[in-house]
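Would you mind keeping the following structure in view while I ask a few things?
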Amino acid sequence: MPHHVVSAALHHLLELLATGATTEEITGCVADARARGAAPHELAEIEDAARHVVRIHRTLRQHRRREAELTALFDTAGDLAALRDLDAVLRSIVRRARQLLGTDTAYLTLPDEKAGDTYMRVTDGSVSSLFQALRVPLGKGLGGSVAQTARPYVTPDYQTDERFNHTLTIDAGVLDEGLVAILGVPLLLGSESKNGGKVIGVLFAADRTKRTFSPDEVALLCSLAAHAAIAIDTARALADTRAALAELAEANAVIREHAAAIQRAEEAHDRLTDLVLRQAATADVAAAVSELLGHAIAVHDPSGHRLAQAGDGSDLAPDAVITASAESRAAARAVSLDGHWVCAVLAGPELLGSLVLFDHPTLEDADRRLFERASVVTALLLLLRQTVAETENRVRGGLLTELLTDPHRDPPGLVDRARRLGTDLNRPHLLLVARSAGPSHGKLAGAGLRHLFGRGGISAEHGDTLVILLPDNGAPPGEAARAAAAELARLASAPVTVAAAGPASGVPGLAAAHSEAVRCLRAMQVLGLAGEGACASELGFLGVVLGDGHDVKGFVRAELGPLLDYDARRGTDLVGTLRVYFACGMSMTRAKDQLHIHINTVVQRLNRIESLLGADWNCPERALELQLALHLHRLNADRGTVSPQTQLTDASYFRGAPE
């Protein structure tokens with residue numbers, strides 16, 4: 001073979017090397033020269049060149065692989081450095097390990113210091129739920145060896161490898177995943193030569209077929225594990241830092257909130273103290289607390305009625321306020337009431353009233369304390385006002401006693417003295433006389449004072465009764481008497497009977513009203529109405545007899561009004577029929593003779609009377625009042641003080657008229 005053949009073969013080898021041909025292609029060049037009949041010395045030269053080319057080829061391939069691995073490690077380090085979330089860091093580590101080594105799966109285990117074992121933290125390429133939930137005792141399996149020695153361990157066939165401490169749990173998980181070849185390297189923090197390092201986990205790469213991992217692959221996974229350990233530690237440090245910052249932020253928020261609460265409490269203390277020092281009214285307390293809490297506030301008296309309010313709030317039933325006040329008094333704190341809050345206003349054991357905070361479903365501790373402190377200030381102000389009111393009432397009470405004892409001695413002087421004390425006797429007033437039997441009578445004076453608190457008026461003991469003078473607000477006397485009876489009974493803890501008269505004005509008028517109320521009170525006791533409230537006009541014919549006004553027309557109208565109206569509309573004589581019926585001893589037979597009508601007509605008229613007056617019209621008490629009203633009506637008709645129609649009715653008394 002000519003010498004140029006050797007040159008051509010060498011040139012071909014260089015081309016193969018340059019193009020990155022395989023080792024088989026390079027050795028094939030030697031076989032081709034042998035087939036062409038190259039001389040032995042030429043063939044030896046070509047074989048020697050081929051060996052050098054193969055060695056260079058392997059070196060270049062190792063360099064390229066190392067370059068790719070270093071590039072991958074560099075990229076991995078960059079990715080890990082960019083990640084801040086620990087879960088994202090762990091997922092990236094496992095995914096990159098599987099990519100770099102080209103294995104079927106990769107996974108990472110971390111120690112659980114509380115449980116005393118390790119657990120599968122992240123997997124990539126795993127298909128077995130049993131394997132993914134695997135927990136490995138410390139020192140067991142391949143991972144246990146890696147964690148104990150802080151060195152990599154590799155096995156081409158885990159199930160048959162006796163170097164590891166196998167357990168049924170680990171082997172079952174590995175078998176269920178189908179893993180055979182496993183490489184595990186430690187995630188190591190610190191220098192092993194200095195302080196032994198700290199294994200914070202184990203990184204695995206595994207195949208489902210037998211495989212021998214090369215030292216380069218072991219070194220590559222160790223390099224990745226070193227980066228991963230730093231990234232995990234950094235992510236944990238960042239997580240701890242974020243947690244610490246969050247705790248600091250929360251603590252800072254608590255401190256700011258506490259500081260704001262202290263400042264608010266100081267402001268509230270100054271506001272409430274100022275209210276006490278200037279002896280402000282309950283309306284001022286409500287306004288101040290409403291401004292501090294940002295919600296409507298109302299002040300109620302012990303009976304649940306509102307004394308003052310600031311802001312718009314719902315009207316609460318007095319009974320509901322009383323019940324909530326009792327609960328607050330028992331609990332010694334504010335209590336919730338249908339989205340509102342109620343706090344009892346106490347002076348020792350005595351209930352002076354209550355504070356209501358409207359439309360505030362959730363009350364923070366600071367606001368609750370402020371609300372409860374406001375109730376203490378309210379109690380102090382109410383107590384001061386009550387003390388002043390007691391003093392003023394004693395002075396006014398002396399005036400009232402003098403008015404009732406000797407009203408004719410100096411009426412102008414009494415009016416002038418009363419005006420200087422803030423009471424105008426020339427304005428209309430209701431006069432109430434109350435009496436409570438037994439040991440509770442001594443409590444009646446104090447009960448009367450509390451009843452008047454916030455309403456105005458005067459109360460004074462007079463004999464065995466309590467006399468109350470109330471400014472007329474348009475309420476009927478009987479209604480005022482019943483309200484006073486209920487409230488005084490609650491305050492005195494015993495039944496109280498109250499009689500009312502008026503409205504009256506001037507010293508003589510008030511003295512006469514007192515006499516009428518006293519007579520009404522005696523009549524109520526005779527009639528068995530103890531513990532109730534009434535006025536003379538509500539006692540029927542007794543009221544006509546007892547009352548100084550003698551409202552005969554009102555009494556007649558109250559008893560016979562329906563019959564009078566019916567007769568006026570229909571031209572009938574039901575009033576005359578009723579008069580004859582009573583005059584005949586309530587005998588229908590005698591009545592029909594007197595009226596000269598058929599007995600059926602009498603029955604029809606009496607049925608009509610019953611429908612107009614009610615079913616009890618002929619019971620003894622009602623019949624007595626009706627007969628008295630009929631007599632008074634006839635007397636007025638005889639005096640010409642009634643209408644012509646009524647006179648016609650009376651004129652037909654004995655004549656009778658068809659219905």
Item checked: Spacing of CD belonging to E327 relative to CD1 belonging to I322, to within rounding of 0.5 Å -> 12.5 Å

Check: Are any side-chain N or O atoms of D616 and backbone N or O atoms of C619, one a donor and one an acceptor, separated by less than 3.5 Å?
Finding: no

Next item on the list: Using a 4.5 Å cut-off on heavy atoms from C-beta on, say whether the side chain of T577 contacts that of T601.
Entry: no

Note to self: With a 4.5 Å cut-off on side-chain heavy atoms, are I609 and L606 touching?
What the structure shows: yes

Notebook entry, point to check: Between P411 and V507, which heavy-atom pair has the shortest distance, and what is it?
Noted result: O-CG2, 3.8 Å

Check: Does A324 offer a backbone N or O that forms a donor-acceptor pair with the side chain of S328 under 3.5 Å?
Finding: no

Check: Under a 4.0 Å N-O cut-off, is there an ion pair linking R482 with E479?
Finding: no

Next item on the list: Drop me the distance from I297's CD1 to L357's CG, to the nearest 0.5 angstrom.
Entry: 4.5 Å

Notebook entry, point to check: Atom CD of E610 and atom CG of N618: how far apart are they, to the nearest 0.5 Å?
Noted result: 7.0 Å

Item checked: Nearest atoms (heavy-atom pairs only) where A434 meets L488 -> CB-CD1, 4.0 Å

Check: Nearest 0.5 Å, what's the CG-CG distance between D565 and L612?
Finding: 9.5 Å

Notebook entry, point to check: With the threshold set at 4.0 Å, does a side-chain nitrogen-carboxylate oxygen contact exist between D464 and R435?
Noted result: yes

Margin query: Checking the side chain of S336 only, and the main-chain atoms of W341 only, is there a donor and an acceptor separated by less than 3.5 Å?
Written below: no

Check: Within a strict 4.5 Å, meaning less than it, do heavy atoms of the V433 and H514 side chains meet?
Finding: yes

Note to self: For a 4.5 angstrom cut-off between non-hydrogen side-chain atoms, does F358 reach H295?
What the structure shows: no

Item checked: Spacing of L574 atom CG and D567 atom CG [to the nearest 0.5 Å] -> 4.5 Å

Next item on the list: Indicate the atoms forming the closest heavy-atom contact of G509 with A504, along with that distance.
Entry: O-CB, 3.5 Å

Next item on the list: Using side chain to side chain contact (heavy atoms under 4.5 Å, CB included) as the criterion, list what pairs up with L346, not counting sequence neighbours.
Entry: R329, A344, L351

Check: Would you call the rings of W617 and Y581 parallel, tilted or perpendicular if under 30° counts as parallel and over 60° as perpendicular?
Finding: tilted

Item checked: Beyond-backbone contact of V345 with V299, side-chain heavy atoms, under 4.5 angstrom -> no

Notebook entry, point to check: Hey, does the side chain of D416 reach the backbone of P412 with a donor-acceptor pair shorter than 3.5 angstrom?
Noted result: no

Check: Can you tell me how far CE of M588 sits from CD1 of I599, rounded to the nearest 0.5 angstrom?
Finding: 5.5 Å

Item checked: Sequence neighbours excluded, every pair satisfying side chain to side chain donor-acceptor pair (under 3.5 Å) that has a member inside residues 499-513 -> none

Checklist line | side-chain contact (heavy atoms from CB on, under 4.5 Å) between D573 and L595, worked out | finding: CA-CA 11 Å; D573 188 23; L595 294 171; 5.6 Å; no

Notebook entry, point to check: Should L578 and L630 be marked as a side-chain contact (heavy atoms from CB on, under 4.5 Å) after you check the CA-CA gap, both sets of side-chain angles, and the distance that decides it?
Noted result: CA-CA 8 Å; L578 185 60; L630 288 168; 4.0 Å; yes

Checklist line | Flag side-chain contact, heavy atom, 4.5 Å: R419 against N426 | finding: yes

Notebook entry, point to check: Do any pairs count as a ring-ring contact (aromatic ring centres under 6.0 Å, His included) and have a residue in residues 308-329, sequence neighbours left out, and if so which ones?
Noted result: none

Item checked: Nearest non-hydrogen partners of A475 and N473, listed with the distance -> N-OD1, 3.1 Å

Notebook entry, point to check: Short question: side chain of S354, backbone of C343 - any donor-acceptor pair under 3.5 Å?
Noted result: no

Note to self: Please find the pair of heavy atoms, one from Q309 and one from A298, that lie closest to each other, and give the distance.
What the structure shows: OE1-CB, 3.8 Å

Notebook entry, point to check: Taking all atoms of both residues into account, what is the closest heavy-atom pair of A481 and L432, and its distance?
Noted result: CA-CD2, 4.4 Å

